[in-house]
Each structure stands twice: as C-alpha cells, then as structure tokens.
There are 2 protein chains.
Amino acid sequence: MTVTKDGGPVDLLYLKSFLEVARCQSFTKAAENLGYVQSSVTAQIQKLENEYGVMLFERYGRSMRLTSAGEQLRDTFEQIVNMYEDSKRLISRQVKGHLEIGTIESLMAFFLPPLFHRFLQSFPQINLQVNPLIHANIFQLVKTGELDLGIILDRPVEDEDIEAIPIRREPLVLVAEPGHRLCLADRVGFAELDGQSLIVTEQGCTYRAAFQRLLGEHGVTYHIHHEFGSLEAIKQCVAYGLGIALVPRIAVARELEDKRLVALPFTHSDITFYTQIVHHRKKWLNQAVRHMIKLLTDAGTGGEQAYNEKSRSTKS
Amino acid sequence: MTVTKDGGPVDLLYLKSFLEVARCQSFTKAAENLGYVQSSVTAQIQKLENEYGVMLFERYGRSMRLTSAGEQLRDTFEQIVNMYEDSKRLISRQVKGHLEIGTIESLMAFFLPPLFHRFLQSFPQINLQVNPLIHANIFQLVKTGELDLGIILDRPVEDEDIEAIPIRREPLVLVAEPGHRLCLADRVGFAELDGQSLIVTEQGCTYRAAFQRLLGEHGVTYHIHHEFGSLEAIKQCVAYGLGIALVPRIAVARELEDKRLVALPFTHSDITFYTQIVHHRKKWLNQAVRHMIKLLTDAGTGGEQAYNEKSRSTKS
DNA sequence: GCGTTTCCATCATTTATTTCGATTACAGTC
DNA sequence: GACTGTAATCGAAATAAATGATGGAAACGC
C-alpha cells in the first residue's frame, strides 16, 4: 500500500507562528515575540496559505483579522501545537542520558545552582555532571568534545570551532573589608591602588589576568598577598583585611548586602566580562542540551541584554 | 509577552514518515511508500529522535520495533497527522478559485473525465475550466502562463520554462474495420501500409506528425483520405471502411472491446508517447493545482511506470 | 495637503538544511 | 564463507529558510 504525501512540507513551527500572529494581530509583533524578523514570519504564513490554498489573514491597511478559513484553523492548530508540546514534555521527563558541563567556581557557586535545579525538574532522569574547572580547561574540553557545554566568564569569544552564546554582562567589583581606608574615597582609580595587597584567584582565571594586565599598563605596583582557587577563601581573607580582591559581583552579592564586604568605587572602563555558554559548533545538540541552553539564556536576559546581540533563544 | 520556541524545526511530514516506518516495520519499505529514498527517511527519523532526545526505534539486525517512547508517541502523532489532514480537507472543500487546463481531445474524451469528477469532489468550489486545444497551443499557453496546466500526449519534453511530468505511457494503435484485409496479417510492418488510405487527426497533432514522418522515412506511399479534428469522426470513418488510423489506444478501447474496430498487429518500435502534465516551472502551484497533479499522476501509475522515472508524487 | 510613520510584501543574498546516490556496515541466510 | 536484504553514513547537489534592505500602501500628525 502506498501512503501518498499530498502536500508540501509544513513545519510545526509555522503553526506556532500562525497562532502568534493571530494573537498579536500583527506580523511584526509576532516576529519579535518569536525571535524572527518580520519577513520570515510573512514567508511562513504565506507557506501555510499556499498549502491550504486560502488566505488566512485579511490584511487591511493597519489592522488585520483572520479570514473564516483562518478562524477555522486556529483551534486545530492550537490543539496540534499543544499535543506536540505535551508529547515533548512527556518524553523529556523520561529521557535518560548524560549532560556534562564544565564551569568556573564563581558561576557554579552563585549563578547556576537554581538553574540546574530547574533543569532537573524537566529532565529528572538526566545524569547531569557539572565539573568545576579553570577557564582554559573548559575551553579545551569543549573543543575536544569531552564537555557538552561550558559556562565561562570572559570577554567576547571568537573561535572557529566554538560557538559562544553571551548570557549576561557580569560586572566585576573590587571588594575590601568595611574598615579599609579606600572605602572612604569616593572614587578609586589606578593611582589609589598603588601599593595595595591583592588577593587573587588562581592562574588562568580570565578576569584575574585582565586585571593584572591593566594594573601593569597603568604602572601600578601591587603585592599579591594570596592566590586561591577558592572564592570562599578569597572572601574570607578580604573580610579579615588581608587585602582587596576583584571578583564577579554575583559572587559577593550577599556579603555586600550584609555589609561584610564593601565594593570600592573603582572606575575602570575597559573590563567588561560576559557569562557565556560555549559549545562545539559541529556537535549535535539534543533536546536536553538545548533545554539547558534555553534555561541559561532566559535566566540571563532577565538582566542586561547580552552584548549587543538580539539573543535568539536557541540556534545551534 | 514572549513566546519562546523551544525546539528545532520539525516537519509534519516527518510524523507521517514515522508512522509509516512504524507501520511497515521497515525504513526501506516506508521510504518506497512515501516516495523517498531510504536514507532520507533515516535522516527524518533521526531528526525526530534528536528532537525528543530519545531513540524511537530499536534496531535489531533485521527486525525493528518501537521503543516505549516511540510507542507513546505513535498515538499522538497519528492524532496530529489526522487533525492536520482533516483540516486540509475541510478547507479545501471551501476553496474557491479558477483552475484552467488545456488538453487535447483524445485525453479529454477518455482519460480525464473521471479524474475531473474526483477533483471536483475535493474542490467543489473551484471553477475548473478545461479547454480542448491542439498540442502547440497548449504548450504556448502554458508557457505564457495563461493555462495553469496542460495535459498532452507527446514524447519526453525538455524545455527551459516547462516542467513535464510523465503520467503514463500511451500506446498508439493502428485501427481498421473488422473486415479490412490487413486484419488477416499476423504482422503489419511498413511494407504492408504502402498504398493505404489513412484517416488522420488535424495538423499539429504530435502523434500524427511522428507517424507521417516515420512513414516518409520508410518510403511508404499513402493517401490521406480524411483529416479530422474529431476523434469520433475518425473512428466512424474507420468503422465504415474509409481507411485506417493511428490513435491512442485509450481512445478506442471501447470499440476494440466491442469488435467494432480492430487493432492491427503493427510493429513499430520508435513511437512511444506519454501522457504528460506540463506546467510553467516558475509558476506557483497552489493546493488545488497540486491536488490535480496528484490525481493525474496517481491515475497514471496505475498503468505502466512513466518513462523510467520514479515518479515522485508531487514535486514542483 | 503633505510629509512621516507604521506595517506588510517582495527581493536578493547568504546560510542551513534536505535530498539523493553511492558506499559502508551489519546481521541473517543460504 | 559468500550472499542478500537492510540500515547508517558521507559527499555533493538541490532546496528551502532567515536575513537585511527596499518598496508601497494605509493611517497619522501637523
């Protein structure tokens, strides 16, 4: 028996686009909401219209409304899309597998845990392995494919093999103990840092390196008092007045609130770091990985928009 | 509000492919039934599998079976596909519009009527206009876009602007009245035709032209006794013994059965004609037109396979 | 009335995906 | 152990999609 395919290709996403256009009464708004440009949505609707051989929307000058055919299809499409998405949820809850992520301590301790928690609600059966690593290793392991995903803190990354998705801008702050003399200054520049004791993260940390480079360029003499792999240790040492440290704000948010540490009004224009997801361009992203990326990007865009990019939700 | 699209593109046709594979328990058979090559179906299923993050089929050496996830999805997919196709039927029944076809008398009289009837059951509101034309005009009008579709009888067509879809091989037969002396021969070659009276179709008919050319090449002298635009007239004249005629078998199927005419055992290897749909390559084919093409090709492949091509059901 | 804005359609270009065909890999059969 | 039928893989060609830019038509402001 022959099963004929009487019709051209119709993507399930077109149905979603259709529904969104119907809801917004606007191609442009729908496109924005869906993360397309307007002409793409137009094209998708046209595909649907041609597939059905009918106009789906009556276009008046400014406003628009569904044609009767469009009206009839709306419910059907809604049902189809719902069934499809329900089925995805149903299956994803049962998905087993590995997802191996590498990230730096700063993020692992403060930004990621709630997201991982949410992820595991959708994919409870996934064996999620999160490795605390230093920057260079993350990059390397993603490149060789040993990690599915890396989450790093760095300046914008350009690499042949690696796709980097900026999640959010990560402000770095210079912290000191509340009694530190620099706390009294209403502005801390490089001059004021001269001769200070620094407490820094381990070698290979991108923001440490950038900071030291800057200090060097400005001729600041400084003294590295301690070098730790542990953020907790750094914070403790700063709190005990052993020196000052440059850390991601998110890592000291609580301490700043508690007034156990103070952010110095340090003005440096050049260091902007971004939390970024990195993955190998050629490696296939399955549903679970894509879901993780989506969680991360959504969590990020709650804050500042990641560099200037219109961060498309998921796009391998 | 932002509607996130969490998932890659999934074509509705993939779901059909999935169902067919599940039904056939075989990628290869499913591919044949669907009009794909095997590797395409494999790729489609892999896409689905990646989208859901699960294997859908357990592949054993020879046999295969659905995984539990596949089993769960089967019903959902079936429902989705049914809803989708029902919606297409629902809408197509309401589609209004024109569909203008040009064809030659031989086909219009014997092959097409039942197909047009079926077409109008699906698209009762379409204004279907069928114009009886001669070959050259059909070609010309399709080329200029004045006809949506042409249905012709010709040898394989190659043209820059025109896409020709072979429907079926159309045998031509040389008919005579039952009492004709050539009926007694067990083989009629060009030699036997020498001096015969021919009754032919109008100028511009492709098979008439081909036949005359052949006769000329073989040095056959003949006498054109009548030249008609009407097949009915030709058949009548042949029946009354005014001469013999070369016509498409389908045009005289009934008369041959009734023994009112006789097919001479004429052996000519060179003339193979095909019933073909022609349409302009660049012209958009809406649902109604595609449906018509599908009806025609399906009707055709009931007979002999059209030239050597694996005639894909619809492919603009 | 006339420019301006807003919104959709269209176009060309780039980019990605799909399809095919050929080949490889593998298991069951003879 | 060669053979057959079946699925996966790979490269190339065909096809489709997304984008950014352009054009046109209706509503809006003045």
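Letters A, B, ... mirror the listed sequences (proteins, then strands); counts begin at 1. What's counted below: heavy atoms across the whole structure, side chains too, no hydrogens, waters or symmetry copies.
- If you measure from atom CG of A/D11 to atom P of C/dA16, you get 17 Å, rounded to the nearest angstrom.
- For B/D154, the side chain to side chain contact (heavy atoms under 4.5 Å, CB included) partners two or more places apart in sequence, or in a different chain, are B/H135, B/I152, B/V157, B/T206, B/F273, B/Q276.
- Atom-to-atom, CZ of B/F57 to C1' of D/dT6 comes out at 14 Å; the value is rounded to the nearest Å.
- When the side chain to side chain contact (heavy atoms under 4.5 Å, CB included) test is applied to A/E146, the partners found at least two apart in sequence or on another chain are A/L141, A/T144.
- One can place CE of B/M64 at 14 Å from P of C/dG28, the figure rounded to the nearest angstrom.
- Partners of B/F139 under the ring pair (Phe, Tyr, Trp, His ring centres under 6.0 Å) rule, at least two apart in sequence or in another chain, do not exist in this structure.
- Partners of A/F27 under the ring pair (Phe, Tyr, Trp, His ring centres under 6.0 Å) rule, at least two apart in sequence or in another chain, are A/F57.
- Of the residues near DNA chain D, B/K29 and A/Q44, the one whose nearest nucleotide (by heavy atom distance) lies more toward the 5' end is B/K29.
- Contact annotation: B/T28 side-chain N/O to D/dT6 OP1/OP2 distance is not under 4.0 Å.
- Partners of A/M83 by side chain to side chain contact (heavy atoms under 4.5 Å, CB included), not counting sequence neighbours, listed by chain and number: B/T76, B/Q79, B/I80, B/M83.
- Distance B/E58 CD to C/dA27 P: 15 Å, rounded to the nearest Å.
- In this structure, the CZ atom of B/R65 is 15 Å from the P atom of D/dA7, given to the nearest Å.
- A straight line from CG of B/L13 to C1' of C/dT17 spans 15 Å, rounded to a whole angstrom.
- Summarising the geometry, the separation between OH on B/Y60 and P on C/dT29 is reported as 16 Å, rounded to the nearest angstrom.
- One can place CG of B/N50 at 14 Å from C1' of C/dT17, the figure rounded to the nearest angstrom.
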Between the protein and nucleotides 9-15 of chain C, which nitrogen or oxygen pairs are less than 3.5 angstrom apart?
from: C/dA9; atom 1: OP1; to: A/R59; atom 2: NE; distance (Å): 2.3
from: C/dA9; atom 1: OP1; to: A/R59; atom 2: NH2; distance (Å): 2.8
from: C/dA9; atom 1: OP2; to: A/T42; atom 2: OG1; distance (Å): 3.4
from: C/dA9; atom 1: N7; to: A/Q38; atom 2: NE2; distance (Å): 2.9
from: C/dA9; atom 1: N6; to: A/Q38; atom 2: OE1; distance (Å): 3.3
from: C/dT10; atom 1: OP2; to: A/Q46; atom 2: NE2; distance (Å): 2.9

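- Shown here for B/L128 and B/I101, the closest heavy-atom pair between the two residues is CD1-CD1, 3.9 Å.
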